[in-house]
Chemist: 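Shown below is the structure under consideration.
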Amino acid sequence: MMEDFEPVIIAFCCHYCAYTAADMAGSQRRCYPANVRIIRVPCSGKVDVIHILKAFENGADGVYVAGCLEGDCHFKNGNIRAARRVAYARKLMESVGIEGERLEMVNLSAGMGDRFAEIAGRITEKIRKMGPNPIRNTIRPVA
Amino acid sequence: MITAERKPLEEIIEYIRPFQKILLIGCNECVTVCSAGGRKEVGVLSSLLQMSFLKQGKNLQIREHTLERQCDPEYVEELVSMVDGVDAILSMACGCGVQEICRRFKNKPVFPAVNTKFMGASERQGVWAERCQGCGNCLLGVTGGICPIARCSKQLMNGPCGGSTSGKCEISPDVDCAWQLIWDRLKALGMEDRYEEIIPAKDWRPGRAAGPRKIIREDLAE
């Protein structure tokens, strides 16, 4: 069963760095797992706790928020705020019995296509080892 | 504003465990400003409860709604059409809001999802501090605009006490000595003579000491 498990991973990517890095990964013909579904946001600071929780509630197995490198946020400190929200959301997830490790904050610049692919691969493998989101079987499967 | 904090999730879960359909209501006033029970917090709590019960194999039905104000009957009336189909109501408003919901919907169990804390002000993003205890007879005019009742740990009318050190209260280095603040401000305003006036023992009856309070404006009351 676990061998067949293909995790669904949601990546909230900021428009200015992480999303551009994903684009760069494509231009560089770098492969990364198809498990990762990218949601482009204007800034990682736009991502709220509710967006993260809703992803898990709807069956995502892993979520990561990808913002600019610290100090390089296009909106000054959106990525710092995002990191604090991610830390808070991890605690909330733990409180309902969903492992906080399923959620991560990562930082990368627009030119880091390699790093984008590496992060996508690393997080997919980590979640694959952890197994499905504990509530996945009791809800309608995500598309 | 009236400040509040969300109750521990385990406590809320125990309240609603026997029920299947829940109406979760927030309030757009004070609890929205202090990030305890507004629309956003309603969404977060709803999601957490949903996941917690899903993990135990139970599919809870939660309807979310946030009222303009939960402590006013006009707004609470909005809930009439939603209440019939639910087993229980969970309110993220302050204690006033929760009780207004109870008064209106006598046949539904109503539970609080936040702990109401104090009347306070926002010190900075994400930090709220107590500023008023509703004593019913405001002293701010004689204490330089700083309240010794809400901000002095001993509620001294004439301070500071011997526990004031370098402007901090003996209970914690994080707590300012209210009387040091009062003195500093009177001095800055050139009103040191106010400090010389002895404030007599306070009559606490206008506060909570004379029982539950009520305000009646005869020109408005029907």
Side-chain angles (χ1 to χ4, degrees), chain A residues 8 10 12 39 41 43 45-63 65 73 75-103 127 130-142, chain B residues 4-17 20-22 24-28 31-66 90 92 113-115 122-128:
Chain A
V8 172
I10 305 296
F12 292 101
I39 296 175
V41 287
C43 173
K46 175 68 189 164
V47 180
D48 206 282
V49 171
I50 187 67
H51 302 130
I52 296 168
L53 294 182
K54 281 287 173 192
F56 284 108
E57 187 189 330
N58 285 302
D61 301 297
V63 172
V65 179
C73 174
F75 300 99
K76 284 190 174 176
N77 57 3
N79 52 356
I80 307 291
R81 289 186 170 175
R84 294 216 306 251
R85 286 184 197 142
V86 164
Y88 180 64
R90 286 179 80 146
K91 282 189 199 159
L92 291 178
M93 289 163 59
E94 295 281 358
S95 74
V96 292
I98 294 174
E99 308 92 324
E101 295 79 33
R102 292 182 182 275
L103 172 63
I127 302 296
M130 288 181 79
N133 173 349
I135 64 167
R136 205 187 196 199
N137 292 333
T138 38
I139 55 177
R140 279 180 296 132
V142 284
Chain B
E5 273 182 320
R6 202 197 71 208
K7 278 182 174 290
L9 202 62
E10 308 81 65
E11 184 181 344
I12 300 171
I13 288 171
E14 285 313 309
Y15 281 142
I16 63 166
R17 190 180 296 285
Q20 183 66 40
K21 294 177 185 168
I22 305 292
L24 175 55
I25 41 177
C27 177
N28 260 342
V31 288
T32 292
V33 184
C34 68
S35 301
R39 195 162 59 95
K40 197 182 266 187
E41 290 73 34
V42 164
V44 168
L45 178 60
S46 169
S47 187
L48 289 172
L49 290 174
Q50 204 68 263
M51 286 194 274
S52 175
F53 281 96
L54 278 171
K55 198 158 180 278
Q56 297 161 32
K58 178 176 171 181
N59 211 331
L60 201 65
Q61 289 178 43
I62 304 179
R63 178 160 186 189
E64 301 169 26
H65 190 76
T66 298
L90 191 55
M92 296 199 88
V114 304
N115 287 324
S122 179
E123 277 192 346
R124 57 180 198 276
Q125 173 88 12
V127 179
W128 297 273

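As the structure is a computational prediction, the values presented were derived from the model and not from experiment. Residue numbering restarts at 1 for every chain, and letters A, B, ... go by the order of the sequence lines.
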Chemist: Got a list of the donor-acceptor pairs under 3.5 angstrom between chain B and chain A?
Modeler:
residue: B:Lys40; atom: NZ; partner: A:Asp48; partner atom: OD2; Å: 2.8
residue: B:Ser47; atom: OG; partner: A:Glu57; partner atom: OE1; Å: 2.7
residue: B:Leu54; atom: O; partner: A:Thr138; partner atom: OG1; Å: 3.1
residue: B:Lys55; atom: NZ; partner: A:Gly97; partner atom: O; Å: 3.4

Chemist: At what distance, to the nearest 0.5 angstrom, does CD1 of A:Ile50 lie from CG of B:Leu48?
Modeler: 8.0 Å
Chemist: With sequence neighbours excluded, tell me which residues meet side-chain contact (heavy atoms from CB on, under 4.5 Å) with A:Cys43.
Modeler: A:Cys73, A:Phe75
Chemist: Under the side-chain contact (heavy atoms from CB on, under 4.5 Å) test, which residues partner A:Ala89, sequence neighbours left out?
Modeler: A:Val49, A:Ile52, A:Leu103
Chemist: Where do A:Val96 and B:Met51 come nearest, in terms of heavy atoms and distance?
Modeler: CG2-CB, 4.3 Å
